[in-house]
2 protein chains.
Amino acid sequence: MSVDCVIFGFDGVRLNVLIIEREQGGGVSALPGDLIRDDETLDDSANRVLYELTGLSDIYLKQLQAFGDPDRIKGLQDVQWLRNVREEPSARVITIAYYSLVNLQNFSPKAASFARDVRWEPVYDFAKLAFDHNKIVDKALEQLRLSLKYDPLIGFELLPKKFTLRQLQKLYEAVLNHSIDKRNFRKKFLSAKLLKPLNEKEQGVPHKPAQYYEFDRKRYMRIKDKFWF
Amino acid sequence: MSVDCVIFGFDGVRLNVLIIEREQGGGVSALPGDLIRDDETLDDSANRVLYELTGLSDIYLKQLQAFGDPDRIKGLQDVQWLRNVREEPSARVITIAYYSLVNLQNFSPKAASFARDVRWEPVYDFAKLAFDHNKIVDKALEQLRLSLKYDPLIGFELLPKKFTLRQLQKLYEAVLNHSIDKRNFRKKFLSAKLLKPLNEKEQGVPHKPAQYYEFDRKRYMRIKDKFWF
DNA sequence: AAAGTTAGTGTAAAAGATACACTTAGGCAA
DNA sequence: TTGCCTAAGTGTATCTTTTACACTAACTTT
């Protein structure tokens with residue numbers, strides 16, 4: 001049994017997914033993942049993979065679902081790679097997929113031992129990945145969209161601690177994949193009072209500087225069941 | 001690895017969950033489930049469990065999530081039961097939980113080989129189950145509620161093919177666990193045109209007979225992304 | 001000083017949600 | 001056969017939410 005993580009990162013413009021390139025096996029790309037150890041919970045396992053790959057902990061992480069088609073690891077290149085790294089390369093592997101949200105500002109992925117390279121790929125423009133990992137990414141994106149609609153909190157996981165309304169809007173547009181009216185967007189968040197304005201504005205920008213806000217967690221706790229985007 | 005199924009059934013008044021009582025192991029109740037076979041997909045496995053237990057196939061069935069705490073099968077009674085039925089009673093078992101929807105009209109559960117008894121339990125009034133099965137039921141109910149809000153289709157899975165508006169409303173009230181205004185409820189479904197009126201009314205009821213409807217799948221396909229309850 | 005860029009703001013119209021009470025059709029019992 | 005019980009079925013007014021839409025303000029660069 002394994003875990004695989006779909007790690008979403010927002011760079012201010014586009015929604016990205018973290019991809020690793022395998023050390024052995026012809027440069028095929030894949031989601032970060034590993035076999036589950038015998039004494040760890042599923043969540044622990046996903047957190048460990050995340051930590052080993054990125055150095056980050058205390059990150060938003062949520063189980064998506066299990067993928068267990070017996071043929072999911074039977075692709076030609078997949079079999080070759082498994083022969084190199086697994087004791088029982090043809091043993092069936094059910095994987096538990098997780099998705100995770102980070103903001104790209106305070107973040108630098110480092111290549112872990114089992115990977116040659118780590119990089120961000122824009123989520124709407126995607127190469128073929130190993131195993132059934134494309135399917136997993138599709139499902140994760142679908143779930144992310146749904147979650148964003150009924151839980152504003154997860155949006156804030158993708159942003160830095162302080163942010164402008166434009167950043168927040170760009171994030172919604174990137175995830176939902178359509179544009180949104182600026183005035184109506186601002187109205188919605190400001191009237192819900194989910195944002196605390198800070199005594200700080202953008203600096204050095206070649207236009208009117210924007211107000212910084214932070215997320216108001218207390219307020220969120222009170223209204224979370226009523227806020228739908 | 002195993003699958004466990006939370007099978008919801010609506011009897012016209014209350015939402016129920018199908019529970020089995022173990023043949024060995026002191027009459028502890030549990031969700032229907034079984035080990036996953038080596039050559040079947042996860043969905044196939046859940047369908048098989050469902051078929052073996054209830055004789056039903058072609059039933060709405062959806063993966064909930066995996067539960068994999070290493071200690072989830074370490075309860076005293078659980079260990080005793082496992083010693084009787086498993087080759088490796090202390091081996092770690094990750095379970096993939098499914099939830100399933102049936103209507104109780106054309107349905108009669110039959111006790112399968114591995115169970116002493118099969119029965120419906122009302123979902124809001126629940127005894128202790130084996131392993132972490134109470135947690136699984138809680139999660140399944142939470143998911144069912146959420147799904148019902150953004151996908152009217154799953155409501156119809158719990159009803160007979162023809163039904164009255166009162167039945168539909170009682171279902172929503174049972175799942176969401178609060179009462180709903182009759183006129184507004186009817187307005188919502190009728191104006192969405194999700195219901196096809198049949199040339200048939202209730203018979204033999206001691207009050208004004210209600211119109212029967214059936215679900216309009218074609219219409220549903222067209223509007224499903226816009227209908228939220 | 002002019003040009004370029006994004007921030008920030010209000011309103012009117014339409015759609016949707018909410019609250020609320022009486023008449024109708026049938027079965028049953030006195 | 002009359003009266004009673006029960007759930008079906010229906011409309012409106014008010015409030016809330018959503019939508020569509022365009023200009024001025026503040027800052028940097030040239």
Side-chain angles (χ1 to χ4, degrees), chain A residues 11-14 148-150 152 159-160 162-174 176 178-214 222-229, chain B residues 10-14 148-150 152 159-160 162-174 176 178-214 219 222-229:
Chain A
D11 61 13
V13 180
R14 288 188 300 186
L148 195 65
K149 278 178 174 269
Y150 68 82
L159 289 173
K162 63 180 189 189
F163 52 84
T164 66
L165 275 163
R166 179 175 47 105
Q167 287 177 290
L168 184 61
Q169 181 176 344
K170 290 280 175 207
L171 166 61
Y172 271 78
E173 291 177 335
L176 302 178
H178 62 75
S179 62
I180 302 169
D181 180 86
K182 181 168 60 155
R183 275 185 287 199
N184 295 336
F185 183 86
R186 299 165 80 92
K187 211 183 307 175
K188 188 150 199 162
F189 274 93
L190 291 174
S191 70
K193 293 181 182 156
L194 278 171
L195 308 177
K196 272 195 290 212
L198 301 174
N199 283 329
E200 198 180 349
K201 293 189 175 184
E202 277 184 319
Q203 288 195 346
V205 288
H207 55 77
K208 181 171 176 178
Q211 174 72 239
Y212 277 122
Y213 293 88
E214 65 178 21
R222 249 175 288 135
I223 66 160
K224 62 178 169 181
D225 294 327
K226 281 160 205 158
F227 186 92
W228 293 67
F229 185 80
Chain B
F10 181 62
D11 60 13
V13 180
R14 288 187 300 184
L148 195 64
K149 279 181 173 266
Y150 68 83
L159 289 173
K162 63 180 189 189
F163 52 85
T164 66
L165 275 163
R166 178 174 47 103
Q167 288 176 289
L168 184 60
Q169 181 175 344
K170 290 279 176 207
L171 166 61
Y172 271 78
E173 291 178 335
L176 303 178
H178 63 74
S179 62
I180 301 170
D181 178 86
K182 181 167 60 153
R183 275 185 286 196
N184 295 336
F185 182 85
R186 298 165 81 90
K187 213 182 304 174
K188 187 151 203 163
F189 274 93
L190 291 175
S191 70
K193 292 180 182 155
L194 279 171
L195 308 177
K196 272 195 289 212
L198 301 174
N199 283 329
E200 200 180 348
K201 293 188 175 187
E202 278 183 317
Q203 290 196 343
V205 288
H207 55 77
K208 181 170 178 179
Q211 173 73 238
Y212 278 120
Y213 292 88
E214 67 178 18
R219 172 74 182 164
R222 248 175 290 137
I223 66 161
K224 63 179 169 180
D225 294 325
K226 282 161 204 157
F227 186 93
W228 293 67
F229 186 81

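Letters A, B, ... are given to chains in the order of the sequence lines, protein chains preceding strands, and every chain is numbered from 1. Worth knowing before you read on, the calculation uses all heavy atoms, side chains too, and leaves out hydrogens, waters and symmetry mates.
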CZ on Arg186(A) to CZ on Arg166(A), rounded to 0.5 Å: 10.5 Å
Option passing side chain to side chain contact (heavy atoms under 4.5 Å, CB included) with Ile180(A) (candidates Lys188(A), Gln169(A), Lys170(A)): Gln169(A)
Heavy-atom closest pair, residues Asp181(B) and Asn184(B): OD2-N, 2.9 Å
Sugar-phosphate, base or nothing in reach of Glu202(A), heavy atoms under 4.0 Å: nothing
Rounded distance (Å) that lies between atom C1' of dA7(D) and atom NE2 of His207(B): 5 Å
Ring geometry between Trp228(A) and Trp228(B) (parallel below 30°, tilted from 30 to 60°, perpendicular above 60°): perpendicular
Atom pair CG/OG1 of Leu198(B) and Thr164(B) - distance to nearest 0.5 Å: 11.5 Å
Identified side chain to side chain contact (heavy atoms under 4.5 Å, CB included) counterpart of Pro152(A) within the set Leu168(A), Ile223(A), Leu194(A): Leu194(A)
Each stem that DNA chain C is part of, given as range with range (3 or more consecutive Watson-Crick or G-U pairs, under 3.5 Å): C:1-30 with D:1-30
Centroid separation Phe163(B) to Phe10(B) less than 6.0 Å: no
Start and end of the DNA chain C segment that chain A contacts, any atom under 4.0 Å from a heavy atom: dG4(C) to dT11(C)
Donor-acceptor under 3.5 Å (Arg219(B) side chain, Ala192(B) main chain): yes
Atom-to-atom span, CD of Gln203(A) to P of dA26(D) - whole angstrom: 17 Å
Nearest-angstrom distance from the residue atom NZ of Lys201(B) to P of dA8(D): 12 Å
Glu214(B) side chain to Lys196(B) backbone, donor-acceptor under 3.5 Å: no
For Glu173(A) against Ser179(A), the heavy-atom pair lying closest together: OE2-CA, 3.5 Å
Earlier contact from the 5' end, DNA chain D, for Lys208(B) and Lys208(A): Lys208(B)
Interface with DNA chain D, restricted to residues 178-196 of chain B and to heavy atoms under 4.0 Å: Lys182(B), Arg183(B), Arg186(B), Lys187(B)
Close side-chain approach of Phe189(B) and Tyr172(B), heavy atoms under 4.5 Å: yes
